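Just so it is clear, the structure is predicted and the values come from calculations on it, not from any experiment. A note on names: the letters A, B, ... follow the listed sequences, proteins ahead of strands, and every chain is numbered from 1.
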Amino acid sequence: MSKDVKIDIQHITRVEGHGNIKIDVQSGELKECKLEIVEAPRFFEAMLKNRHYDESALITSRICGICSVGHVLGSLTASEDAFGIKISEQEKNLRCLMNIGEHYESHVLHIYFLAVPDFAGAKSVLPLVNTHKDVVVRALKLKKLGHEIGNMIGGRLIHPTAMRVKAMTKIPTPEILHDIIHRLEEAKTELKKDIGILKTFIIPNFERETEYISLYKYGEYAFLEGNIYSSDIGETSYKNYLDITNEYLVDHSTAKRAKHNRKSYMVGALARFNNNHQWLSEDAKTIAADLGLKAPCYNPYMITIAQFVELFHLADEGIKAAQSLLDNGVELENRKFTIKPGRGIGAVEVPRGILFHDYVYNDQGYIQKANCIIPTGQNLQNIEDDFRALVPTILDKSKEDISLMLEMLVRAYDPCISCSAHILNVEFE
Amino acid sequence: MSKPKVAFFDFASCEGCQLCVLDLHPEQLLDLLNVIDIVEFREAISEKADTFDIAIIEGSITRESDIPRLQKIRDKAKILIALGACAHIGGINALKNFQTKDEYQEAVYPTAPQKYETSHARAISEVVQVDAFIPGCPIDTNEFIKVVKNLVLGKKPGLPDYPVCMECKKNENVCVYELGMQCLGPVIRAGCDARCPSNGGYCFGCRGLITEPNLHSQKDIIQKYNLTYEKMMDKFKLFLERNKEVFPK
Amino acid sequence: MSLNSSLKIDKKILLENLEKTIQKYDLIALKKKGENYLYDYIQKSKEIIFKYHPTVLSPKKFFFPKEEVLFEYTADGEVTPKSETKPTILFGIRPCDVNGIHILNEAFAESKGDPNYLAKKENSLVIGLDCEKLCDENAFCYRVKSQNSTKGADLFLHDLGLEFALTIITDKGKKFAQEYLQSSPGSEQALTKYQAAKKKSFSLVAPFRDLDKLPEIFSKNQNHVIWKEKGSKCLSCGSCIMVCPTCYCFDVADEFALNLQKGERLRRWDACMLSSFAEVAGGENFRDKAENRLKHRLNRKFNYLMKKHGQAVCVGCGRCVRACLADINPKLIVKVLTGEQE
Amino acid sequence: MCKELKLKNKDENLYIPEKARIVEIKTFTEKEKFFKLELVSQKSLGHVPGQFVQLSILGIGEAPISISSPPSSDHFFDLCVRAVGNVTNKLHTLKVGDEIFIRGPFGHGFDDQILAKMQGKHLLFIAGGIGYVPLRSLINKVLKSPQKYQKISILYGCKTPKERMYQDELTKIKAMGSNIEFLETVDHADTDWTGNQGVITTLIPKVKFDPAKTIAVIVGPPIMYKFVLISLMEKDIPKKNIYMSLERRMKCGVGKCGHCQMDGVYVCQEGPVFNYEDVYQKEEVL
Ligand SMILES: Cc1cc2nc3c(=O)[nH]c(=O)nc-3n(C[C@H](O)[C@H](O)[C@H](O)COP(=O)(O)OP(=O)(O)OC[C@H]3O[C@@H](n4cnc5c(N)ncnc54)[C@H](O)[C@@H]3O)c2cc1C
Ligand code: SF4
Ligand code: SF4
Ligand code: SF4
């Protein structure tokens with residue numbers, strides 16, 4: 001089969017940030033295949049220089065609106081690592097709730113607003129307001145739940161105001177905690193209503209095995225602490241994250257890319273699922289089985305399903321955290337500590353995958369050097385490699401269909417290009 | 001009343017403000033769609049629009065190549081709204097302007113500093129005429145609704161032009177100066193319901209200065225509480241680099 | 001009513017009785033929230049704090065809320081007034097604030113009367129609680145003679161240790177006391193003793209010199225340098241107004257719901273210290289300088305409205321002193337104008 | 001025992017407006033339109049010259065607007081509105097038959113006492129721009145029986161000829177009678193303008209009056225008062241013979257919201273019409 005296909009998609013829609021896809025097939029041979037990031041670089045690591053520890057989370061949360069809590073968590077963890085601060089159980093539970101808030105907002109947005117229209121054959125969620133009003137209303141409510149948990153616990157979800165090094169500056173009342181438990185239970189019931197719809201999705205039958213990298217803590221479906229786990233080589237200390245990420249630049253993208261054992265690796269919900277599925281909550285396991293998601297899963301289009309499964313696990317985790325806060329009582333914690341000069345690293349899972357913040361502080365608590373590595377940057381090469389594997393198998397389709405499948409693939413990764421592009425690398429000796 | 005066509009565009013930003021726009025109750029979204037026609041919103045819909053009445057712009061201008069794109073949008077729009085701190089006052093992006101271009105490029109892409117086009121970060125009003133703005137980093141969803149509604153009704157946007165302190169007092173907070181922190185609230189535009197001070201933080205100025213800030217008095221406060229002037233100016237750097245009253249060039 | 005028909009009530013019984021009223025009334029009293037003291041709704045009487053800690057906002061927020069709906073309407077022009085009220089008890093209101101309520105009562109009752117305020121007021125009962133000594137160094141109730149104010153309350157209590165002396169101020173208070181508070185005749189002596197002690201603790205402080213002549217003094221000093229001096233420090237933040245128990249300026253706004261089918265006309269607290277307060281169409285601003293706004297605010301307290309109410313309209317609670325980051329203090333300004341030394 | 005606080009008349013909610021319908025619209029200038037309104041209740045407004053109403057458009061807001069027609073027993077009344085902001089711009093988009101809302105009449109206008117004082121005197125009306133609107137109510141009232149006054153002089157100044165209002169009516173007034181005098185001027189003339197040019201104070205020397213027997217009524221923008229008052233003082237008109245109507249920001253119109261207060265005075269209640277003698281010593285009058 002010899003065919004010429006040239007695809008140039010400017011500004012892929014329904015992703016965060018700006019990305020273009022360029023494919024050039026001549027006589028059946030793939031000449032060019034690129035995911036371009038055309039986002040303006042924002043130079044966050046440069047901006048962090050000489051800023052006080054109290055501001056590092058404030059600044060880095062602005063890297064990305066949708067992973068804002070994730071950046072805060074990564075940033076606080078890095079600062080705490082540098083200063084040798086151990087956070088309390090209470091703080092862990094509160095952060096867990098913030099993390100759940102963010103995942104609800106982000107996963108729901110991705111599943112319902114960005115991915116569902118593809119499967120429903122709609123251009124966007126707006127036409128669905130007329131055809132599937134109940135689903136849209138449910139989606140908005142679930143997304144709003146994420147925002148509201150963020151508001152109640154952290155002052156607000158996007159760029160939270162109450163999250164600080166060592167401890168929150170705000171504590172929830174028992175009424176709020178009861179409310180959160182109640183609403184997370186409700187959320188599970190609501191989500192179950194859409195299992196049927198998800199089952200009708202015809203998910204492209206495309207598989208490509210790759211290296212799956214995620215946070216790892218034995219016995220936990222890890223989000224907030226742990227080491228790094230690679231499906232190829234196993235566990236590595238979070239301190240050695242640079243050995244994993246190996247960032248490099250390519251010409252056509254302002255976002256840095258990463259490679260480890262192979263040419264590329266995958267992070268995000270599917271990587272987490274593949275590496276940590278045994279620690280999902282029982283409910284989440286049942287849902288996964290019901291939706292045909294089995295580890296290891298090599299189909300990137302299934303990321304959306306993995307996210308859906310995570311929503312159940314997270315609801316269960318949130319209920320546990322809130323209950324523990326209720327059982328043990330919540331008190332405003334003392335936020336005093338001594339500043340220690342040195343380096344600290346934070347590794348956390350955000351909706352799109354593992355994220356690293358790495359700071360060097362001076363003895364006054366001002367940042368001397370910073371490095372932030374964002375999930376999408378890590379996924380970019382993997383997406384391109386998926387393209388390379390996918391395109392030759394679908395050349396018989398129309399150009400429109402090919403474009404749509406490629407766009408859907410990019411969207412499946414839920415790329416938050418906006419943040420990936422702003423991230424830079426400062427070499428550490 | 002015919003529904004105005006509204007298009008969203010973004011430049012250098014975290015897109016958090018657009019996410020706040022989507023943070024609506026279901027009824028609110030349905031009501032909003034009855035009042036305006038969203039014809040372009042890259043984060044949520046695939047459609048692209050050639051014509052629109054209201055352009056809502058998120059993000060700051062950080063590349064010369066952004067300018068023609070923004071100008072084109074300006075030419076087409078009857079009303080152009082700056083959404084969020086990045087677009088309104090340059091936002092956090094302008095923090096890099098305190099360094100030279102070489103410095104920040106070197107710091108981020110040490111192996112290839114000149115690789116990507118960049119220049120100093122600017123508010124969009126430095127490039128095109130802005131008819132209304134929705135301040136904050138991120139914006140307040142209710143304020144967004146209010147401004148859009150007012151424009152549809154032919155009213156002025158109706159943003160407050162008094163300091164955050166007023167809302168902070170309404171929330172019965174103990175002033176953070178009393179707690180040993182410093183706060184830019186006395187000169188920053190209210191409308192956020194004093195979110196940061198009300199949640200254990202302090203105001204760092206994301207909504208920009210009020211029209212008649214008393215910066216002299218702000219400096220006196222700093223002295224009274226034994227805080228340093230340098231530290232205060234350092235706080236202003238986070239969001240107010242573009243402001244000539246604070247940082248005369 | 002004079003204080004001689006003394007009644008008393010046991011503290012424990014009082015608390016029990018108050019708790020019983022919660023079924024029928026919203027009970028408001030001083031309580032602690034986090035590190036902060038404020039007047040707020042009470043569920044259990046043990047939440048009530050008896051020792052006074054200055055609050056940021058005064059109890060006026062319950063009669064004249066930060067924001068309230070004046071009426072609702074539909075797009076077809078159907079207008080429905082709205083002044084929802086619930087039976088409410090404000091418990092433990094201090095003399096300065098009691099006096100503040102009295103001033104607001106007069107202001108809102110004037111001419112035709114403000115329906116929203118009056119409805120809330122009518123449906124509520126104010127139980128005052130005396131202060132034996134000055135609450136902090138910023139308060140200056142004694143300077144405007146409001147440390148003994150009872151006008152504005154329906155009942156008034158004096159803490160005698162294990163029991164309270166109870167004074168009946170209004171008929172409404174009397175009815176309430178009969179129905180809910182099992183008071184018994186008290187010894188006049190105990191109350192007299194209390195009052196003597198209070199008098200003693202306040203004996204070192206005195207009212208403003210020429211308190212009654214302040215309106216004239218203010219009128220004469222409209223060009224005094226103090227206005228410029230202090231005004232130049234003012235941040236025009238309005239904090240002083242928010243916290244003031246006797247400020248009642250408001251802004252009115254129309255808000256349509258997003259569906260543009262129905263809407264509300266609201267009023268919100270406004271502040272004459274804000275720069276645009278007196279601005280009219282065409283951009284003319286009749287009080288465009290902070291010094292003029294400050295002068296206006298204090299003239300309202302000690303001149304314009306003082307003439308109308310027959311007493312200083314500043315009750316000396318000290319809230320604006322605590323709230324003002326620019327250290328603008330009415331007490332000191334009055335002293336400069338009267339030429340008084342500390 | 002202290003009195004309890006009670007709302008005197010529960011039905012009397014001073015914030016609730018009543019419906020009025022637009023029955024006629026005339027466009028005067030680019031910014032000013034004339035509106036004839038009727039109360040839907042068919043009641044008479046019952047105002048005196050110089051009073052104002054609070055005009056509201058639901059969802060938009062409320063604005064104080066002077067009543068431009070003389071008192072009458074029917075249910076019609078006139079307003080003339082300059083489009084400057086939310087309410088006034090919206091009002092300009094409305095059509096005949098549309099309904100708006102009204103509260104009032106409010107304020108202290110030219111009451112019987114003032115009118116009695118005017119009898120037999122030389123009335124000197126000085127209006128700047130839209131200031132003619134509140135004056136028109138009084139002018140039309142006195143013109144119903146011009147013989148009661150020694151003389152009536154109307155001085156009217158606008159920025160440009162295009163901004164002149166009520167032209168038909170003013171032409172008629174001009175021709176009315178020997179004791180009626182009408183003078184106008186514009187700040188900036190255009191090519192067609194043949195009349196006076198200059199600020200309104202340039203008209204004052206053109207009028208002959210006996211200061212002791214003259215009553216001046218001034219309405220205009222804030223800056224105008226300052227200069228007109230200087231001229232009148234120079235001509236020795238006693239302060240008590242000068243009336244003026246002041247504009248202030250108003251939110252409630254009933255002496256509560258505090259916006260219109262100047263010195264101790266609530267303009268919405270004691271004004272907007274003031275005798276100069278009563279206010280000249282007050283703060284912030286001009
Ligand atoms: C007693 C009185 C009589 C008046 N008579 C007339 C009249 O006959 N015809 C006429 O066209 N205008 C009259 N005005 C002026 C008119 O009230 C204002 O132009 C109007 O309030 C503007 O309202 P708006 O909603 O259109 O503008 P807004 O959108 O409210 O504001 C436009 C500008 O006006 C200022 N402003 C806001 N509220 C008021 C207010 N209540 N009064 C004055 N300025 C305000 C704002 O600060 C802003 O600068 C009168 C004013 C008063 C006080
Ligand atoms: S203003 Fe803040 S929240 Fe909005 S886009 Fe910019 S960085 Fe994000
Ligand atoms: S308090 Fe200040 S920094 Fe916080 S949201 Fe408001 S304006 Fe922004
Ligand atoms: S006097 Fe003080 S509290 Fe009042 S507006 Fe001025 S600075 Fe703010």
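With chain D as partner, the option from C:Lys307, C:Arg287, C:Glu284, C:Glu279 having the largest number of non-hydrogen pairs under 4.5 angstrom is C:Arg287. The choice from D:Ile100, D:Asp263, D:Ile60, D:Val84 that makes the most heavy-atom pairs within less than 4.5 Å of chain C is D:Asp263. The candidate with the highest count of non-hydrogen atom pairs below 4.5 Å against chain C, out of D:Lys282, D:Met250, D:Glu62, D:Gln281, is D:Glu62. Per-residue counts of heavy-atom pairs under 4.5 Å with chain C were compared for D:Glu247, D:Lys251, D:Lys256; the largest is that of D:Lys256. Ranked by non-hydrogen atom pairs under 4.5 Å with chain D, the options C:Lys262, C:Glu264, C:Lys295 are led by C:Lys295.
At a 4.5 Å heavy-atom cutoff, the contact between D:Leu14 and chain C is made by backbone and side-chain atoms alike. Neither the backbone nor the side chain of D:Cys260 comes within contact range of chain C; no heavy atom of the residue lies under 4.5 Å from a heavy atom of that chain. Looking at C:Thr74, the atoms closer than 4.5 Å to chain D (heavy atoms on both sides) all sit in the backbone: N, CA, C or O. Interface remark: D:Ile57 contributes backbone atoms only to the contact with chain C (heavy atom separation under 4.5 Å). For C:Asp76, the part lying near chain D is the backbone, with the side chain staying farther off; criterion is any non-hydrogen pair under 4.5 Å.
When each of C:Phe108, C:Phe64, C:Trp269, C:Phe63 is tested with C:Tyr248 by the rule ring pair (Phe, Tyr, Trp, His ring centres under 6.0 Å), just one qualifies, namely C:Phe108.
There is no side-chain donor-acceptor pair under 3.5 Å between C:Asn303 and C:Glu216. Neither side chain, C:Ser124 nor C:Tyr25, offers a donor N or O lying under 3.5 Å from an acceptor on the other. Side-chain contact check for D:Glu270 and D:His108: no donor-acceptor pair (N or O, by modelled atom type) lies under 3.5 Å. Looking at C:Ser236 and C:Arg293, their side chains do bring a donor and an acceptor atom within 3.5 Å of each other. Side-chain polar atoms of D:Ser68 and D:Asp78 form no donor-acceptor pair below 3.5 angstrom.
Under the rule for a ring-ring contact (aromatic ring centres under 6.0 Å, His included), the partners of D:His259 that lie at least two apart in sequence or sit in another chain are C:Phe277.
Both cation-pi conditions hold for D:Lys26 and D:Phe34: the charged atom is under 6.0 angstrom from the six-membered ring centre and inside a 45 degree cone around its axis.
The backbone N or O of D:Pro134 lies less than 3.5 Å from no partner atom in the side chain of D:Ser137, so there is not a single donor-acceptor pair. Side-chain atoms of C:Ser146 come within 3.5 Å of backbone atoms of C:Val315 as a donor-acceptor pair (strictly under, hydrogens ignored). Between the side chain of C:Asn221 and the main chain of C:Phe218, no donor-acceptor pair closer than 3.5 Å is present.
The distance from atom NZ of C:Lys151 to atom NE2 of C:His102, rounded to the nearest 0.5 Å, is 4.5 Å. Atom CD of C:Gln261 is separated from atom OH of C:Tyr73 by 12.5 Å, given to the nearest 0.5 angstrom. To the nearest 0.5 angstrom, D:Ile130 atom CD1 is 8.0 Å from D:Ser66 atom OG. C:Phe62 CZ to C:Ile101 CD1: the interatomic distance, rounded to the nearest 0.5 Å, is 10.0 Å. Between atom NE2 of residue C:His309 and atom CG of residue C:Leu104 there is a gap of 8.5 Å, rounded to the nearest 0.5 Å. Between D:Met165 atom CE and D:Lys33 atom NZ the span is 14.5 Å, to the nearest 0.5 Å.
Contacts between residues 15-22 of chain D and chain C, defined by a heavy-atom separation under 4.5 Å, are made by D:Tyr15, D:Ile16, D:Pro17, D:Lys19. For a heavy-atom cut-off of 4.5 Å, chain D lies close to no residue in residues 240-247 of chain C. Contacts from residues 249-258 of chain C to chain D, taken as heavy-atom pairs separated by less than 4.5 Å, involve C:Cys249, C:Phe250, C:Asp251, C:Val252, C:Asp254, C:Phe256 in sequence order.
Across every non-hydrogen atom of D:Phe101 and C:Gly77, the tightest pair is CZ-O, 3.4 Å.
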